[in-house]
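Remarks on the structure that follows.
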2 protein chains.
Amino acid sequence: MRTVTTQQPARGSRARGTRQAQALAAALGSMPGFTSAQEIHAELRRKGEQVGLTTVYRHLQALSEAGDVDAIRDDNGEILYRRCETTAHHHHLTCRSCGRSVEVEGKAVEQWSERVATEAGFTEVGHTVELFGLCPDCGS
Amino acid sequence: MRTVTTQQPARGSRARGTRQAQALAAALGSMPGFTSAQEIHAELRRKGEQVGLTTVYRHLQALSEAGDVDAIRDDNGEILYRRCETTAHHHHLTCRSCGRSVEVEGKAVEQWSERVATEAGFTEVGHTVELFGLCPDCGS
DNA sequence: CATAGAAATGATAATGGTTTTCATTTCGGC
DNA sequence: GCCGAAATGAAAACCATTATCATTTCTATG
């Protein structure tokens with residue numbers, strides 16, 4: 001085997017300091033709204049970053065489980081990701097046209113779901129709430 | 001060449017009266033909660049009804065578009081169907097364990113979503129709201 | 001009754017996003 | 001330098017859903 005001529009960066013802690021992880025984080029941050037794993041992967045390649053699709057999926061999944069990114073499903077069943085701005089529980093108002101999204105609080109919804117569930121005798125209630133519409137720019 | 005005898009667009013009386021359609025409707029009605037197309041198909045075969053998977057999908061899709069059944073996506077991206085009990089807009093409180101579901105009204109949610117959207121300048125707002133929990137039977 | 005044309009059906013193939021597999025590479029520590 | 005754990009990624013597997021298309025079923029009509 002040939003000698004390795006140059007060693008790439010990535011000094012320091014491995015998991016988070018990985019070249020791929022950093023590139024992914026950067027890409028995520030540069031996206032205004034929700035984007036699919038595939039799109040993120042494409043964006044990375046466009047930027048010249050070389051990251052495998054598998055790695056993109058793996059990191060997004062990990063980030064999602066860790067609560068560092070939000071994940072929702074669009075109508076086609078694709079999973080869309082977005083970097084979280086707050087760690088508190090929240091929902092999204094997403095533009096159908098451009099994908100831009102706003103995080104919204106949902107106190108009213110939380111209370112409503114609690115009440116409804118209790119009335120029906122349900123426990124350990126969770127909920128999925130997503131809003132879609134046209135943002136000011138795309139609206140007309 | 002003979003004159004093309006125009007055929008009256010056959011009424012939908014057939015579509016609904018089809019053996020397969022009836023079997024599907026019956027199966028749907030016998031399921032207490034949300035079920036996937038695959039499960040319904042399996043159930044039909046179990047009953048001895050011979051209905052192709054394609055047909056199951058086709059009918060479910062048609063029924064869904066017609067508003068005769070509700071369709072939601074579970075966490076795995078699968079589409080789950082359930083016969084509608086009311087034609088009015090409503091949401092569901094579904095048991096994570098047994099799949100049983102209750103239809104709930106969501107006036108509070110409608111108003112909340114309207115308000116939030118307006119505040120953000122969004123228009124033509126739609127929403128996805130699903131509640132999950134443990135029903136009285138499965139909860140304790 | 002025969003018959004043509006339409007709708008409906010369903011076996012099969014294709015799609016496509018996501019996950020697995022597994023061999024390889026990277027990197028910290030000794 | 002070397003070992004082993006973690007990370008990576010190309011390729012294959014998965015699997016629900018859709019598209020294809022030949023065949024069957026039904027209905028109206030002559």
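So you know, we letter chains A, B, ... as the sequences are listed, proteins then strands, and number each from 1. Remember, it's a predicted structure, so these values are computed and weren't measured experimentally.
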Between [atom2] on [N] and [atom1] on [X], what's the gap in Å once rounded to a whole number?
X       : N      : atom1 : atom2 : value
A/His59 : C/dT18 : NE2   : C1'   : 17 Å
B/Arg45 : C/dA11 : CZ    : C1'   : 11 Å
B/Leu63 : C/dA8  : CG    : C1'   : 14 Å
A/Leu60 : C/dT19 : CG    : C1'   : 14 Å
B/Ile40 : C/dG10 : CD1   : P     : 15 Å
A/Arg19 : D/dG9  : CZ    : C1'   : 11 Å
B/Gln50 : C/dG10 : CD    : P     : 7 Å
B/Leu53 : D/dA19 : CG    : P     : 14 Å

The complete set of salt bridge (Lys or Arg N to Asp or Glu O under 4.0 Å) pairs with one or both residues in residues 117-133 of chain A, sequence neighbours excluded, reads A/Arg115-A/Glu119

Say whether [X] and [Y] are linked into one hydrophobic cluster, either directly or through other cluster members, by side-chain heavy-atom distances under 4.5 angstrom.
X        : Y        : value
A/Val102 : A/Leu134 : no
B/Ile79  : B/Phe34  : no
A/Leu131 : A/Tyr81  : no
A/Val104 : B/Val129 : yes
A/Leu24  : A/Val69  : yes

Contact check, residues 27-38 of chain B vs DNA chain C, heavy-atom distance under 4.0 Å, returns none

Taking DNA chain C as the partner, which of residues 71-81 of chain A come within under 4.0 angstrom of it by heavy atom?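 Within residues 71-81 of chain A, the residues near DNA chain C are A/Glu78, A/Ile79.
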
Mind listing the side-chain donor-acceptor pairs of residues 43-58 of chain B below 3.5 Å, one per line with the distance, residues two or more places apart or on another chain?
unit_1	atom_1	unit_2	atom_2	d
B/Glu43	OE1	B/Arg46	NH1	2.4
B/Tyr57	OH	B/Gln38	NE2	2.9

Interatomic distance, CH2@B/Trp112 vs CD@A/Gln111, rounded to 0.5 Å, equals 12.0 Å

Query raised in the report: Rounded to the nearest 0.5 Å, what separation is found between the CG atom of B/Leu63 and the CG atom of B/Leu28?
Result: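 Atom-to-atom, B/Leu63:CG and B/Leu28:CG are 7.0 Å apart.
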
### Message
Within the 4.0 Å heavy-atom criterion, would you say A/Glu39 contacts the bases, only the backbone, or no part of the nucleic acid?
### Response
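A/Glu39: no heavy atom of the nucleic acid under 4.0 Å.
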
Winner on side-chain proximity to B/Tyr57, out of C/dT19, D/dA16, D/dT8, is D/dA16

Quick note, B/Val51 side chain, CB onward, closest among D/dG9, C/dT19, C/dG10 is C/dG10

Is [X] near enough to [N] that one of its side-chain N or O atoms lies under 4.0 angstrom from OP1 or OP2?
X       : N      : answer
A/Gln20 : D/dA7  : no
B/Thr18 : D/dT25 : no
B/Gln61 : D/dT18 : yes

Please list each protein N or O that sits under 3.5 Å from an N or O in nucleotides 11-13 of chain D, with the distance.
unit_1	atom_1	unit_2	atom_2	d
D/dA11	N6	A/Thr54	OG1	3.4

Report task. Count the heavy atoms belonging to other residues, nucleotides or ligands that lie under 6.0 Å from CG of B/Asp75, then report whether that count exceeds 12. Result -> no

query = Is it the case that more than 12 heavy atoms not belonging to A/Arg100 sit under 6.0 Å from its CZ atom?
reply =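 Not more than 12 within 6.0 Å, no.
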
B/Ser101 and B/His92 have their tightest heavy-atom pair at OG-CD2, 4.4 Å

Closest approach of B/Glu110 to B/Ser113 (non-hydrogen atoms, all atoms of both residues):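 Reported closest heavy-atom pair: O-OG, 2.9 Å.
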
Note to self: Side chains of B/Glu114 and B/His127: any donor to acceptor distance under 3.5 Å?
What the structure shows: no

Polar atoms only, N or O, under 3.5 Å: list the protein pairs with nucleotides 21-23 of chain D and their distances.
none

